Amino acid sequence: MNQAIKIIASDEALTKNTKFQVYTERQLDKIKPLQKLTEEQRFEMRVVANVLPFRVNQYVIDELIDWSDIPNDPIFQLTFPQRGMLYPEDYQRMADALQRDAERSEISVIANEIRQKLNPHPAGQQEMNVPTLDGEPLPGMQHKYRETVLFFPSQGQVCHSYCTFCFRWAQFIGDKELRFASNEAGSLHAYLAQNKDVTDVLITGGDPMVMKTHHLKGYLDGMLHPSLDHVQSIRIGTKSLTFWPQRYVTDPDADELLALFERLVKGGKHVALMAHFNHWREMETPIVREAIRRIRDTGVVIRAQAPVVKHINDDPAVWARMWDTQVRLGIIPYYMFVERDTGAKRYFEVPLIRTYEIYREAIKQVSGLARTARGPSMSAGPGKVEIQGVVEIAGEKVFALRFIQGRNPDWVQRIFFAKYDENATWFDDLKPALGEDKFFFSDEYDAMQAVAYDE
Ligand SMILES: *Cc1c(COP(=O)(O)O)cnc(C)c1O
């Protein structure tokens with residue numbers, strides 16, 4: 001590492017919170033700023049945290065949350081449980097159980113019953129996307145779109161903190177069946193070697209960046225083997241720039257990690273860190289700025305994506321400032337997502353029409369360099385569906401939609417229409433428009449589902 005980095009890294013701002021300290025549901029009472037809340041507020045958090053995953057670390061508490069502005073602070077909403085995340089009857093049921101000091105076993109039964117109502121597996125991910133190698137399913141992988149394989153390394157199935165709206169929340173509540181994970185670097189490499197259509201690998205989780213560098217090396221160095229020359233891009237999905245930028249600056253194996261990145265880039269791969277940022281506030285601390293600078297120095301490209309979520313970023317001004325900040329820091333805005341229909345969706349959901357307006361109002365305000373953010377996009381069963389706008393055709397008001405990705409690659413870029421519905425919040429709420437009784441892809445998608453669920 002060069003001298004300049006050393007000088008900046010010795011800055012006091014970069015050396016507080018270098019030791020990772022994390023709190024879960026059982027340590028809620030140990031979080032100092034929460035002690036200023038009322039007993040009732042703390043109890044509400046405990047109720048919700050007994051159902052939905054909760055995990056937060058000291059850096060988020062000390063440096064990202066503005067405690068003079070809670071409960072409204074967006075980073076507080078991003079990480080701390082809120083009463084409205086559960087349906088009132090479910091909330092009451094768990095609250096009663098905790099109040100009468102029910103046994104752990106009863107609490108866990110109640111928690112599981114409530115979780116089952118929260119659509120733990122959106123978009124048929126468990127049934128439809130699992131690839132096979134020599135006839136055997138590979139449970140730690142998903143292969144939905146021709147050119148991209150998702151890989152879930154087993155050591156990367158937690159995060160440095162959890163997002164309250166996480167669409168993979170079901171993985172974090174200890175139910176092994178709900179977890180996709182693989183510790184098989186060998187089967188990843190073998191599957192890729194046999195599938196020459198695959199140009200992209202997306203390492204995801206949880207958060208793969210919770211892994212020690214020597215584990216990452218086991219998965220990534222093998223990507224440079226000549227049998228994987230067709231794999232052009234390695235993406236790493238991560239929220240670590242928000243939750244633990246120390247990973248790239250002060251962690252003991254940070255330099256070794258950056259050297260790994262550099263080796264992959266020099267070996268001819270496009271390496272993209274797919275950073276999850278919900279709010280510009282996540283990009284303001286000295287340590288995240290330093291982390292971004294160091295990552296970019298390796299030749300790795302950082303791209304940013306996030307869903308629109310109520311209470312956190314349902315405001316065009318937040319998105320415009322976020323995209324501008326990203327461009328300024330050399331990060332490429334990539335996707336704006338619609339929040340999936342799972343978990344605490346009732347608390348976070350935003351009508352599709354409003355999400356679309358937020359996108360348009362935000363994109364209008366920024367330069368072309370920030371208009372690389374596509375969306376708003378719904379990762380639904382048939383594919384990624386973008387809301388293009390609202391138009392009137394033959395007197396009927398409709399949503400114009402387009403596939404960004406399709407289970408059948410031939411669906412990509414095709415425009416189709418759904419009845420305008422001001423209350424719709426997800427793809428499944430939409431109905432075909434203009435007198436059609438189904439969408440152009442419906443029959444084909446139904447057939448794909450029939451095959452998948454038969455297996
Ligand atoms: C979004 C997504 C990808 C990547 O799609 P791109 O449009 O290439 O970013 C791959 N697999 C799944 C399951 C996805 O949801």
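Note that this is a predicted model, so its numbers are computed, not measured. For the numbers below, each heavy atom of this structure counts, side chains included, while hydrogens, waters and symmetry mates do not. Whatever order the structure lists them in is the order used to number ligands and atoms, beginning at 1.
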Notebook entry, point to check: With sequence neighbours left out, what residues match Arg281 under salt bridge (charged side-chain N to carboxylate O under 4.0 Å, His left out)?
Noted result: Asp73

Next item on the list: Report the residues that fulfil salt bridge (charged side-chain N to carboxylate O under 4.0 Å, His left out) with Arg402, sequence neighbours left out, ordered by chain and then residue number.
Entry: Glu386

Notebook entry, point to check: So which heavy atom on Leu224 is nearest to which on Lys269, and how close?
Noted result: CD2-CG, 3.9 Å

Checklist line | With sequence neighbours excluded, residues passing side-chain hydrogen bond (donor to acceptor under 3.5 Å, both in side chains) with His143 | finding: Tyr191

Note to self: Using the ring pair (Phe, Tyr, Trp, His ring centres under 6.0 Å) definition, which of the options Trp426, Phe165, Trp169 pairs with Phe348?
What the structure shows: Phe165

Next item on the list: Check whether any side-chain N or O of Tyr359 sits under 3.5 Å from a backbone N or O of Ala373 as a donor-acceptor pair, and report yes or no.
Entry: yes

Notebook entry, point to check: Who's touching ligand 1 if we go heavy atoms under 4.0 Å?
Noted result: Lys144, Tyr145, Thr148, Leu150, Arg235, Tyr334, Tyr335, Lys384, Gln405

